[in-house]
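Here, residue 1 is the first one in the sequence, and each next residue gets the next number. On a predicted model such as this, the values are computed, not experimentally measured, just so you know.
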Amino acid sequence: MNADISNLGELEMAVLEYVWEHKESDVKTAHRAIGEARGITHNTVQSTFKRLWEKGLLRRHKDGHAYIYAPRVNRRELTEMMVGDLVDQVAGAEMNVALEAFVNLADRAGEETLEALEALVAARRQAQNERDE
């Protein structure tokens with residue numbers, strides 16, 4: 001990716017949500033759906049699309065005079081990127097601190113979440129073992 005994605009703004013997230021939902025969009029259509037309700041200009045929405053494209057989160061192609069934007073990353077990929085950036089910023093080389101914080105969050109979310117985390121770890125280990133064989 002080209003830029004820092006750890007601090008995406010509210011409008012950037014709204015645009016990503018819109019594009020994920022609609023698979024692709026031009027700025028004019030997105031402005032009608034997102035910008036008008038917020039009272040923001042077409043240019044503001046256009047700048048947001050361009051920033052997301054520059055950050056590598058959207059792809060685009062020309063259709064006449066307009067660009068059509070589509071997602072380059074899905075929600076899961078963006079979440080992984082953002083969590084990775086945050087962990088690098090906060091924990092740095094002390095990965096155990098980040099892991100402990102994550103387990104504590106899962107624990108606070110409830111027993112089902114903690115069990116889901118355990119299942120994810122077990123599935124990852126199983127997949128790694130199968131690749132190693």
Going hydrophobic residue to hydrophobic residue with side-chain gaps under 4.5 angstrom, can you get from Leu86 over to Leu117?
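No; tracing contacts between hydrophobic side chains, which count when under 4.5 Å, never links both residues.
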Are Val73 and Val83 connected in the hydrophobic side-chain network, where two residues link if heavy atoms are under 4.5 Å apart?
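No; tracing contacts between hydrophobic side chains, which count when under 4.5 Å, never links both residues.
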Thr41 versus Thr44, side-chain donor and acceptor atoms under 3.5 Å:
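Their side chains do contain a donor-acceptor pair, which is all the 3.5 Å distance test asks for.
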Do the side-chain N and O atoms of Thr79 and Arg76 include a donor-acceptor pair separated by under 3.5 angstrom?
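The answer is no; no qualifying pair exists.
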Could you tell me whether [X] atom [atom1] has more than 12 heavy atoms of other residues or ligands within 6.0 Å of it?
{"X": "Glu112", "atom1": "CD", "result": "no"}
{"X": "Met13", "atom1": "CE", "result": "yes"}
{"X": "Glu94", "atom1": "CD", "result": "no"}

Which distance, rounded to the nearest 0.5 Å, do you find between the OH of Tyr18 and the OG1 of Thr48?
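Nearest 0.5 Å value for the OH-OG1 distance: 14.5 Å.
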Please lay out, stage by stage, how Val121 and Arg125 fare under the test side-chain contact (heavy atoms from CB on, under 4.5 Å).
CA-CA 6 Å; Val121 171; Arg125 283 192 174 149; 4.3 Å; yes
Are Glu17 and Arg75 close enough for a salt bridge, meaning some N to O gap below 4.0 Å?
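Yes, this pair counts.
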Step by step, would you call Glu10 with Arg38 a salt bridge (Lys or Arg N to Asp or Glu O under 4.0 Å)?
CA-CA 11 Å; Glu10 179 186 345; Arg38 294 168 183 252; 3.3 Å; yes
Would you check if Lys62 and Tyr67 make a side-chain contact, meaning some heavy-atom pair closer than 4.5 Å?
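Yes, side chains in contact.
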Flag the pair Leu8 / Leu57 as yes when at least one side-chain heavy-atom distance between them is below 4.5 Å, and no otherwise.
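The answer is yes; the side chains approach within 4.5 Å.
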If you take all heavy atoms of [X] and [Y], which pair is closest and at what distance?
{"X": "Leu52", "Y": "Glu12", "answer": "CD1-O, 3.7 Å"}
{"X": "Ala70", "Y": "Glu24", "answer": "CB-CB, 4.1 Å"}
{"X": "Val45", "Y": "Gly35", "answer": "CG2-CA, 4.1 Å"}

Trace of the side-chain contact (heavy atoms from CB on, under 4.5 Å) decision for Asp26 with Tyr69:
CA-CA 6 Å; Asp26 62 10; Tyr69 290 87; over 6 Å; no
